[in-house]
Amino acid sequence: MAVNYICPHCRSTVGTIDNASVTEQQLGFHFLTPEERSDIIAYNPNGDVIVNVVCDYCREAIEANPELVLIPNPLQ
């Protein structure tokens, strides 16, 4: 199982953990509410996990221009 951290805005890979023995508790997923989990975490049919996290570039762009969050894909 790989855990892929992907920016939801630009779709760039922020990081990957490729370790079958890593648990959701080690990743901190147990701190998320069910709603947060459904918004942030997705599972591929092959067992990989996709975690949506905003990359530094997109975070800076959104902080400088907050109206970008109103556009479906602001930075593509």
Side-chain angles (χ1 to χ4, degrees):
M1 167 186 88
V3 181
N4 299 302
Y5 291 85
I6 307 290
C7 179
H9 301 293
C10 67
R11 305 305 299 164
S12 65
T13 300
V14 177
T16 299
I17 299 173
D18 195 9
N19 186 339
S21 64
V22 70
T23 67
E24 290 192 358
Q25 288 215 292
Q26 289 173 314
L27 296 171
F29 293 168
H30 63 289
F31 291 114
L32 300 173
T33 66
E35 294 81 20
E36 290 170 332
R37 287 180 70 90
S38 66
D39 289 342
I40 297 170
I41 302 170
Y43 298 90
N44 281 346
N46 66 357
D48 288 351
V49 179
I50 297 173
V51 183
N52 289 311
V53 294
V54 179
C55 70
D56 290 337
Y57 172 78
C58 292
R59 180 186 49 78
E60 290 172 8
I62 291 169
E63 285 176 357
N65 303 286
E67 67 278 4
L68 290 175
V69 297
L70 301 174
I71 302 169
N73 292 311
L75 303 172
Q76 288 190 11

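The 12-atom threshold is exceeded at OH of Tyr43, counting heavy atoms of other residues, nucleotides or ligands nearer than 6.0 Å.
Both Leu27 and Val14 are members of a single hydrophobic cluster when ILVMFWY side chains are connected at heavy-atom separations under 4.5 Å. Residues Val54 and Val51 do not share a hydrophobic cluster, defined by chaining ILVMFWY side chains whose heavy atoms lie under 4.5 Å apart. If you chain together hydrophobic residues whose side chains sit under 4.5 Å apart, Val22 and Ile50 never meet in one group.
The shortest distance between side-chain heavy atoms of Phe29 and Ile40 does not fall below 4.5 Å. Between Ile6 and Thr13, the closest side-chain pair of non-hydrogen atoms falls below 4.5 Å.
Residue pairs meeting the salt bridge (charged side-chain N to carboxylate O under 4.0 Å, His left out) criterion with at least one member in residues 23-37, sequence neighbours excluded, are Glu24-Arg37.
Judged as a side-chain hydrogen bond (donor to acceptor under 3.5 Å, both in side chains), and not counting sequence neighbours, Asp39 has no contacts. For Asp56, the side-chain contact (heavy atoms from CB on, under 4.5 Å) criterion is met by Arg59, not counting sequence neighbours.
Listed for the Asn65 side chain is no donor-acceptor partner under 3.5 Å among the backbone atoms of Glu67.
Nearest heavy atom pair, residue Pro8 against residue Arg11, reads CA-NH1, 3.8 Å. Residue Ala61 comes nearest to Leu68 through the heavy atom pair O-CD1, 3.7 Å, listed as atom of the first residue, atom of the second, then distance.
A distance of 9.0 Å separates CD in Gln26 from CD1 in Ile17, rounded to the nearest 0.5 Å.
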inquiry  = Walk me through whether Ile62 and His9 qualify under side chain to side chain contact (heavy atoms under 4.5 Å, CB included).
reply    = CA-CA 10 Å; Ile62 291 169; His9 301 293; 3.5 Å; yes
